[in-house]
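Note sheet for the following structure.
Computed over heavy atoms, backbone and side chain alike; hydrogens, waters and symmetry mates excluded.
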Amino acid sequence: MSRLYGDPIEVWTRDGEPTQFVWRDRLYLVRRVLDHWVVAREWWKTSEGDPGERQFWRVEASPGRETGSYELRFDTASGGWLLLRAWD
């Protein structure tokens, strides 16, 4: 079962992939990337140079011993990250 959140998070990346993130004051280490996809929409564009993309990452991560699956989203217009969904 999954839960929707939409919470802003801070993310560290290496070679464009998320390696760790902070959600609700806890540091999560990304163990592996399960999936990555990009969605582009013309109406997401905020300027001529903005590609109007949102990058989605489904990752396996843990704040300790407990590992879970999380869906992260990067918005190219704002440069911000959100934690969209978590799976039990």
Side-chain angles (χ1 to χ4, degrees):
M1 184 168 119
S2 70
R3 294 188 179 132
L4 294 173
Y5 292 98
D7 294 344
I9 56 173
E10 187 173 353
V11 178
W12 289 263
T13 62
R14 182 181 315 125
D15 298 326
E17 291 189 359
T19 58
Q20 57 187 14
F21 60 93
V22 173
W23 179 46
R24 297 187 174 176
D25 297 324
R26 293 181 78 183
L27 178 66
Y28 288 75
L29 300 177
V30 174
R31 305 295 180 194
R32 68 185 177 128
V33 173
L34 301 172
D35 200 3
H36 173 247
W37 65 99
V38 177
V39 177
R41 299 284 188 261
E42 188 68 29
W43 52 272
W44 285 343
K45 289 185 173 192
T46 59
S47 68
E48 192 60 40
D50 178 14
E53 290 180 352
R54 292 186 177 160
Q55 296 182 21
F56 295 84
W57 300 85
R58 185 164 181 201
V59 299
E60 191 173 87
S62 64
R65 293 177 188 234
E66 305 167 19
T67 300
S69 294
Y70 303 89
E71 185 176 300
L72 314 178
R73 185 188 85 190
F74 176 70
D75 186 340
T76 57
S78 69
W81 288 85
L82 295 177
L83 186 133
L84 293 180
R85 185 183 304 258
W87 283 264
D88 294 338

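- For Asp25, there are no side chain to side chain contact (heavy atoms under 4.5 Å, CB included) partners, not counting sequence neighbours.
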Would Val11 and Phe74 satisfy side-chain contact (heavy atoms from CB on, under 4.5 Å), going step by step from the backbone distance to the final call?
-> CA-CA 9 Å; Val11 178; Phe74 176 70; over 6 Å; no

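- One distance of note links CD1 of Ile9 with CG of Leu82; it measures 7.0 Å at 0.5 Å rounding.
- A pairwise comparison of heavy atoms in Thr76 and Gln55 identifies CG2-NE2, 4.4 Å as the closest pair.
- There is a path of hydrophobic side-chain contacts, each under 4.5 Å, that joins Val59 to Tyr5.
- Scanning for side chain to side chain donor-acceptor pair (under 3.5 Å) contacts around Arg73 gives an empty result, with sequence neighbours left out.
- To the nearest 0.5 Å, atoms CH2 (Trp87) and CD (Glu60) are separated by 12.0 Å.
- Atom-to-atom distance recorded for Asp75:CG and Arg54:CZ is 5.0 Å, nearest 0.5 angstrom.
- Leu84 is not connected to Val22 by any chain of hydrophobic side-chain contacts under 4.5 Å among Ile, Leu, Val, Met, Phe, Trp and Tyr, and they are in different clusters.
- Leu83 and Leu29 sit in two unconnected hydrophobic clusters of ILVMFWY residues. Membership requires side-chain heavy atoms under 4.5 Å apart, directly or through other members.
- Within 6.0 Å of atom CZ in Arg24, more than 12 heavy atoms from other residues, nucleotides or ligands are found, so the atom counts as buried in its surroundings.
- In this structure, CG on Leu27 lies 9.5 Å from CD on Glu10, to the nearest 0.5 angstrom.
- For the pair Gln20 and Val30, the tightest heavy-atom approach, listed with the atom from each and the gap, is N-CG2, 3.9 Å.
- For the residue pair Thr19/Arg14, the side-chain donor-acceptor check at 3.5 Å is not satisfied.
- Residue Leu34 holds its CG atom at 11.5 Å from CH2 of Trp57, rounded to the nearest 0.5 Å.
- How far CG of Leu72 is from OH of Tyr28: 11.0 Å, rounded to the nearest 0.5 Å.
- Each side-chain hydrogen bond (donor to acceptor under 3.5 Å, both in side chains) pair with one or both residues in residues 62-72, not counting sequence neighbours, appears once here: Arg31-Ser62.
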